[in-house]
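Read the structure below first, then the notes.
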Amino acid sequence: MTRLVVATGNPGKLREMQAYLADLGWELTLKPEELEVEETGDTFAANACLKASQVALATGNWAIADDSGLQIDALGGAPGVYSARYGKTDSERIARVLRELKDEPNRQAQFVCAVAIACPDGAFAPGVGGAIALQSEGVCRGEILESPRGNGGFGYDPIFYVPEKKLTFAEMTPDLKRSISHRGKAIEALIPQLAILDSIQNRS
């Protein structure tokens with residue numbers, strides 16, 4: 001069974017990753033609580049790679065990390081990589097976005113998720129510990145509503161509306177959200193590449 005350390009201390013994120021990779025033979029574990037990685041990248045991909053690489057090196061295991069956030073067209077892509085730091089709470093972050101948009105007619109936006117898997121030793125790149133073995137990215141387009149709707153999800157989900165489904169992320173069932181979300185698309189794109197990881201691990 002392939003072991004992957006998930007570069008998060010959030011049990012909810014671990015469960016979500018497990019749901020995506022169910023029945024594929026992966027054993028997922030949380031990173032050590034004391035291990036913190038500062039997200040200094042200026043893109044989602046850079047932050048995902050940074051977290052995966054440092055966790056792989058620190059634990060001596062293959063590691064998987066993701067970084068995601070909301071990009072709003074009318075705000076020039078903000079909050080972007082600062083999505084989690086746009087306020088102290090989800091309600092503060094939502095309020096700030098709605099305040100900054102005000103009466104802006106262009107409500108187009110997208111959620112973006114980048115995922116990276118890193119190798120702890122030189123099995124993937126000889127002599128390079130923490131090398132990134134696999135990467136993917138997923139995007140879900142939508143619109144920002146003028147007020148929140150729905151009680152599910154987290155973060156900006158109550159104001160992120162997907163026209164094709166006529167629902168916000170916060171109104172969707174977990175299965176529906178997983179099937180169309182940015183994170184779901186990123187991991188779906190990663191799955192076909194996982195056979196490469198298996199073969200590398202089997203050789204090492």
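- V97 is not connected to Y82 by any chain of hydrophobic side-chain contacts under 4.5 Å among Ile, Leu, Val, Met, Phe, Trp and Tyr, and they are in different clusters.
- We find the CD-CD1 distance between Q108 and I72 to be 11.5 Å, quoted to the nearest 0.5 Å.
- Using a 4.5 Å heavy-atom threshold, the side chains of D66 and M17 count as touching.
- For S68 (side chain) and C113 (main-chain N/O), no donor-acceptor pair under 3.5 Å exists by modelled atom type.
- For R85, the salt bridge (Lys or Arg N to Asp or Glu O under 4.0 Å) criterion is met by no residue, not counting sequence neighbours.
- If you take CG on L14 and CG on L28, they are separated by 6.0 Å, rounding to the nearest 0.5 Å.
- Taking all atoms of both residues into account, the shortest heavy-atom contact from A48 to A114 is CB-O, 3.6 Å.
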**Item:** Full working for side chain to side chain contact (heavy atoms under 4.5 Å, CB included) between M172 and V162
**Value:** CA-CA 10 Å; M172 294 181 186; V162 181; 3.7 Å; yes

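- Rounded to the nearest 0.5 angstrom, D67 CG and E39 CD are separated by 4.5 Å.
- Residues S83 and R93 approach most closely at O-CD, 3.1 Å, considering heavy atoms.
- V6 and L134 end up in the same hydrophobic cluster when Ile, Leu, Val, Met, Phe, Trp and Tyr side chains are linked at under 4.5 Å.
- Criterion: ILVMFWY side-chain heavy atoms under 4.5 Å apart, direct or through other members. Under it, I159 and Y86 are part of a common hydrophobic cluster.
- The aromatic rings of F169 and H182 lie parallel to each other, with less than 30° between the two planes, well short of the 60° mark.
- Here the straight-line distance linking atom CZ of F160 with atom CD1 of I144 works out to 6.5 Å at 0.5 Å rounding.
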**Message:** What verdict does the side chain to side chain contact (heavy atoms under 4.5 Å, CB included) test give for D73 and R141, after you've listed the backbone C-alpha separation in whole Å, the side-chain angles of each residue and the deciding distance to 0.1 Å?
**Reply:** CA-CA 11 Å; D73 293 7; R141 291 290 298 177; 3.0 Å; yes

**Prompt:** Can Q71 and F111 be said to form a side chain to side chain contact (heavy atoms under 4.5 Å, CB included), step by step?
**Reply:** CA-CA 6 Å; Q71 295 179 321; F111 267 121; over 6 Å; no

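- E171 places none of its side-chain heavy atoms less than 4.5 Å from the side chain of K177.
- Residues I187 and S136 share a closest heavy-atom pair of N-OG, 4.4 Å.
- Distance CD/E38 to CG/N47: 10.0 Å, rounded to 0.5 Å.
- Under the 4.5 Å side-chain criterion, counting only non-hydrogen atoms from C-beta, L101 is in contact with L75.
- Using modelled atom types, one side-chain atom of T59 and one backbone atom of V55 make a donor-acceptor pair closer than 3.5 Å.
- Of all the heavy atoms in A58 and L35, the pair that sits closest is CB-CD2, 3.6 Å.
- Of all heavy-atom pairs spanning A52 and A63, the tightest one is O-CB, 3.5 Å.
- With respect to the salt-bridge test (charged N to carboxylate O, under 4.0 angstrom), the residues R96 and E100 qualify.
- Annotation: E188, atom CD; neighbour count of heavy atoms from other residues, nucleotides and ligands within 6.0 Å does not exceed 12.
- The two atoms that bring I94 and G155 nearest to each other are CD1-O, 3.4 Å, heavy atoms only.
- Residue Q193 holds its CD atom at 9.0 Å from CD of Q135, rounded to the nearest 0.5 Å.
- Linking ILVMFWY side-chain heavy atoms closer than 4.5 Å, directly or via other members, places W62 and I191 in a single hydrophobic cluster.
- Checking side-chain atoms of K185 against main-chain N and O of E137 turns up no donor-acceptor pair under 3.5 Å.
- Under the 3.5 Å distance criterion, the side-chain polar atoms of R149 are left unmatched by any main-chain donor or acceptor of A170.
- Follow the hydrophobic side-chain contacts under 4.5 Å out from Y156 and you reach L98 in the same cluster.
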**Item:** Candidate pair I64 and V115, rule side chain to side chain contact (heavy atoms under 4.5 Å, CB included), full reasoning
**Value:** CA-CA 7 Å; I64 183 170; V115 179; 3.9 Å; yes

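- For the pair L176/L167, a side-chain contact is recorded, criterion being any heavy-atom separation below 4.5 Å from C-beta on.
- Residue E146 qualifies as open at atom CD: its count of foreign heavy atoms under 6.0 Å is 12 or below.
- Side-chain atoms of T168 and D157, non-hydrogen and from C-beta on, never get closer than 4.5 Å to each other.
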